[in-house]
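Quick notes on the structure that follows.
In what follows, residues are counted from 1 in the order of the sequence shown. Both backbone and side-chain heavy atoms feed into the values below; hydrogens, waters and symmetry mates do not.
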Amino acid sequence: MRILQVRVDECSMDEALSQASQWLAAYPEQAPMKQIVTLNPEGVMLAIQDATFRNVIEKAALVTADGNGILWAAERYGIKGVQRLTGIDLMQRLCQLAAEKNWPIFLLGAQPGVAAAAGEKLQQQYPGLRIAGTENGYFRDREDQVIATIRQAQPALLFAGLGMPFQEKWLAQNAHQLGAAVAMGVGGSFDVLCGNLKRAPQFIQKLRLEWLYRLVQQPSRWRRYLALPRFMAAVRQDAKRTFKIS
């Protein structure tokens with residue numbers, strides 16, 4: 001489907017895991033790396049303004065509906081039954097699969113020590129999970145070294161918590177050098193996993209107010225949430241035009 005002309009795939013968790021399993025089964029011979037993008041309303045608005053980011057989305061192996069705003073938008077276009085597939089949920093299910101199949105993972109991003117702490121939490125949650133390596137997200141002055149470290153580790157799965165859209169563009173730009181089978185940007189998921197941030201309770205998620213819960217925890221992000229009303233206004237206008245044309 002298209003939300004404001006930006007690609008979002010209609011995909012369930014089971015379908016995403018099935019597809020990822022096929023890619024991972026070919027590890028380490030598979031080339032090139034398969035990239036998963038989890039897209040929320042802010043990401044859609046960024047893609048409209050950033051041609052490079054939009055091109056990454058178009059070329060990605062899978063683009064999931066991360067954010068209740070995407071589900072709301074799909075309904076405005078008359079598309080029913082779209083399932084929300086967040087980065088952290090998909091990451092955790094992929095880690096479960098990796099533990100079962102003995103596929104190593106690499107965690108890249110966040111403040112120093114956070115990725116390592118998140119890795120420990122994941123190993124506690126999924127016994128047998130192999131952590132091929134971790135690196136913090138502050139590597140601009142040693143980028144070649146970090147790329148070489150990841151390539152040497154040969155992770156089946158690479159999770160990058162570098163913030164959207166930088167993480168998606170960086171993964172796409174360096175896909176042929178990283179040596180991973182599957183890579184995905186996961187934003188602030190490492191901080192959630194290691195307890196620095198709390199995820200909204202299920203009832204708040206069902207009310208589609210997870211963004212507000214996050215904003216209360218991180219009020220400094222308020223400017224980023226201005227994209228949401230702009231997104232909603234643009235979708236309403238575009239949906240009306242779409243139905244009028246059809």
Are the side chains of [Y] and [X] in contact, using a 4.5 Å heavy-atom criterion?
X	Y	result
Ile88	Val186	no
Arg93	Met13	yes
Ile48	Val6	yes
Leu39	Ile3	no
Val114	Asp191	yes
Gln92	Leu193	yes
Thr134	Phe190	no
Met33	His176	no

What distance separates [X] [atom1] from [Y] [atom2], expressed to the nearest 0.5 Å?
X	Y	atom1	atom2	value
Leu24	Gln19	CG	CD	10.5 Å
Leu171	Met184	CG	CE	10.0 Å
Thr52	Ile57	OG1	CD1	11.0 Å
Asp238	Gln5	CG	CD	6.0 Å
Gln96	Met91	CD	CE	13.5 Å
Gln35	Gln167	CD	CD	9.0 Å

According to a hydrophobic-cluster definition based on side-chain heavy atoms being under 4.5 Å apart (Ile, Leu, Val, Met, Phe, Trp, Tyr only), do Val63 and Val56 belong together?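 Different clusters.
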
Between Ile131 and Ile105, does the side chain to side chain contact (heavy atoms under 4.5 Å, CB included) criterion hold? Intermediate values first, please. CA-CA 5 Å; Ile131 307 294; Ile105 72 167; 3.6 Å; yes

List the atom of [X], the atom of [Y], and the distance in Å for their closest heavy-atom pair.
X	Y	result
Phe53	Gly43	CE2-O, 3.4 Å
Cys11	Leu85	O-CD2, 4.0 Å
Ala65	Ile70	CB-CG2, 3.6 Å
Gly69	Phe231	O-CE2, 3.4 Å
Asp66	Gly87	OD2-N, 3.0 Å
Thr86	Thr38	C-CG2, 4.4 Å

Side chain of [X], backbone of [Y]: donor and acceptor closer than 3.5 Å?
X	Y	result
Ser18	Asp14	no
Gln123	Leu129	yes
Asp9	Leu62	no
Gln177	Asn174	no
Arg76	Trp72	yes
Arg130	Asn102	yes

Evaluate Gln154 against Tyr27 for side chain to side chain contact (heavy atoms under 4.5 Å, CB included), listing each step before the verdict. CA-CA 9 Å; Gln154 291 188 309; Tyr27 163 84; 3.8 Å; yes

Could you name each residue pair satisfying ring-ring contact (aromatic ring centres under 6.0 Å, His included) that touches residues 113-141, not counting sequence neighbours?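 Residue pairs passing ring-ring contact (aromatic ring centres under 6.0 Å, His included), neighbours aside: Phe139-Trp170.
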
Using a cut-off of 6.0 Å, state whether more than 12 heavy atoms not belonging to Glu58 lie near its atom CD.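 Enclosed.
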
Apply side chain to side chain contact (heavy atoms under 4.5 Å, CB included) to Gln125 and Lys121, showing your working. CA-CA 6 Å; Gln125 191 171 1; Lys121 293 291 185 181; over 6 Å; no

How far apart are the C-alpha atoms of Asn68 and Leu71, what are their side-chain angles, what is the distance that settles it, and do they pass the side chain to side chain contact (heavy atoms under 4.5 Å, CB included) test? CA-CA 5 Å; Asn68 285 307; Leu71 275 59; 4.2 Å; yes

Run the salt bridge (charged side-chain N to carboxylate O under 4.0 Å, His left out) test against Arg236 and tell me which residues pass, sequence neighbours left out.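 Listed in chain order: nothing, the list is empty.
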
